[in-house]
Amino acid sequence: MPRLRKRFFNRSVHEVAPELIGAKLLFNGVGGLIVEVEAYHHTDPAAHSYNGETERNAVMFGPAGYAYVYRSYGIHWCLNFVCEEAGSASAVLIRALEPTDGLAAMQRRRKTDDPRLLCSGPGRLTEALGVTRAHNALALDAPPFELWAREREVEIASGPRIGITKAMELPWRYGLEGSRFLSKPFRSLP
DNA sequence: TGCCCGATTAACT
DNA sequence: GTTAATCGGGCAA
């Protein structure tokens, strides 16, 4: 199972996002299989980078293969992977994992044993893994991060992104079809 | 400077 | 179904 390097992320965010489904994300050895992501591009009104560079989103304007961590609603941390060439300011939001590694650490941080409440949501995921602002701008192909390409082909669902009010029509949320670890189900196909 | 809102979650009714 | 928790950006004044 090959390790994902910076080169993997240096492509269109719309290619990278679906390919992350089924990949394994570990942070200090704790994590699981990515089952849900969303793509954000700087031409997209819902993206943090849409209105230009600020102190918060600066890492989005740098090279691909780095972590962008931001504070959401003043409470939670959210983890993104920066994609495309430097200046493109696009990223993939990691929204949910199927927990596989370091269950005890995740249960302790999340204060629950329910596997579906450990990493099913962007804020829950970062709490379970211990990701905070301190890890903003870290490389994704070096400790404490470990990313491994998926081992098998998977069936990918897509649909509208969650929790946004701009560009709601863009179906840039991707997930593992049928997974019980999604933050919300995808509407089944017609 | 002040005010509103957001890539959320959990604990309510 | 509703609401509180709480921080940074954007925009009006």
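Quick caveat: nothing in here was measured; it's all calculated off a predicted structure. Below, chains carry the letters A, B, ... as their sequence lines are ordered, and counting in each starts from 1. Excluded from the calculations below are hydrogen atoms, water molecules and symmetry mates; all remaining heavy atoms, backbone and side chain alike, are included.
- Under a cutoff of 6.0 Å and an axis angle of 45°, A/Arg71 and A/Trp77 form a cation-pi pair.
- If you check every strand for non-hydrogen atoms under 4.0 Å, A/Ile164 touches sugar and phosphate atoms only.
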Scan nucleotides 8-10 of chain C against the protein and return all N/O pairs shorter than 3.5 Å with their distances rounded to 0.1 Å.
residue : atom : partner : partner atom : Å
C/dG9   : OP1  : A/Arg56 : N            : 3.3

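- Ring centers of A/Tyr68 and A/Tyr70: under 6.0 Å apart, within the cut-off.
- When hydrophobic clusters are built by joining Ile, Leu, Val, Met, Phe, Trp and Tyr residues whose side-chain heavy atoms come closer than 4.5 Å, directly or via intermediates, A/Leu176 is grouped together with A/Leu79.
- Classification of A/Arg95 and A/Glu38 as a salt-bridged pair holds, one side-chain N sitting under 4.0 Å from a carboxylate O.
- Where pairing requires Watson-Crick or G-U contacts shorter than 3.5 Å, the helical stems of DNA chain C with at least three consecutive pairs are B:1-6 with C:7-12, B:8-12 with C:1-5.
- With a 4.5 Å cut-off on side-chain heavy atoms, A/Pro160 and A/Met168 do not count as touching.
- In this structure, A/Glu38 atom CD and B/dG6 atom C1' are separated by 14 Å, rounded to whole Å.
- Nucleotides B/dT13 and C/dA5 place their P atoms 15 Å apart, quoted to the nearest Å.
- Between the OH atom of A/Tyr50 and the P atom of C/dC11 there is a distance of 11 Å, rounded to whole Å.
- The aromatic ring of A/Tyr73 does not stack onto the base of C/dA5, failing the criterion of a centre distance under 5.5 Å from the six-membered base ring together with planes under 30° apart.
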Heteroatom pairs (N/O) under 3.5 angstrom, protein to nucleotides 9-12 of chain B:
residue : atom : partner  : partner atom : Å
B/dT9   : OP1  : A/Pro122 : N            : 3.1
B/dT9   : OP1  : A/Gly123 : N            : 3.0
B/dT9   : O4'  : A/His76  : NE2          : 3.1
B/dA10  : OP1  : A/Arg110 : NH1          : 3.1
B/dA10  : OP1  : A/Arg110 : NH2          : 2.8
B/dA10  : OP2  : A/Arg124 : NE           : 2.8
B/dA10  : OP2  : A/Arg124 : NH2          : 2.4

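- Taking only side-chain atoms of A/Thr165, from C-beta outward, the nucleotide of B/dA7, B/dT8, B/dG6 with the closest atom is B/dG6.
- There is a path of hydrophobic side-chain contacts, each under 4.5 Å, that joins A/Phe27 to A/Phe81.
- Going from the C1' atom of C/dG1 to that of B/dA7 covers 23 Å, rounded to whole Å.
- For the pair A/Tyr174 OH and B/dA7 P, the computed distance is 18 Å after rounding to whole Å.
- Whole-Å rounding puts the A/Tyr40 OH to B/dG6 C1' distance at 11 Å.
- For the pair A/Glu36 CD and B/dA7 P, the computed distance is 15 Å after rounding to whole Å.
- Of the charged side-chain nitrogens involved, none lies within less than 4.0 Å of a carboxylate oxygen, so that A/Glu84 and A/Arg11 do not count as a salt-bridged pair.
- Nearest approach of A/Gly31 to A/Leu26, heavy atoms of both residues: N-CD2, 3.8 Å.
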Tell me, with the steps shown, if A/Asp44 and A/Arg161 meet salt bridge (Lys or Arg N to Asp or Glu O under 4.0 Å). CA-CA 12 Å; A/Asp44 166 9; A/Arg161 293 172 291 179; 2.5 Å; yes
Show your working on salt bridge (Lys or Arg N to Asp or Glu O under 4.0 Å) between A/Arg3 and A/Glu146 and close with a plain yes or no. CA-CA 8 Å; A/Arg3 187 126 176 216; A/Glu146 262 179 72; 5.1 Å; no
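- Residue A/Met168 contributes atom CE, which lies 11 Å from atom P of B/dA7 at whole-angstrom precision.
- Judged by distance alone, with hydrogens and angles left aside, the side-chain atoms of A/Arg124 form a donor-acceptor pair with the main-chain N or O of A/Ser120 at under 3.5 Å.
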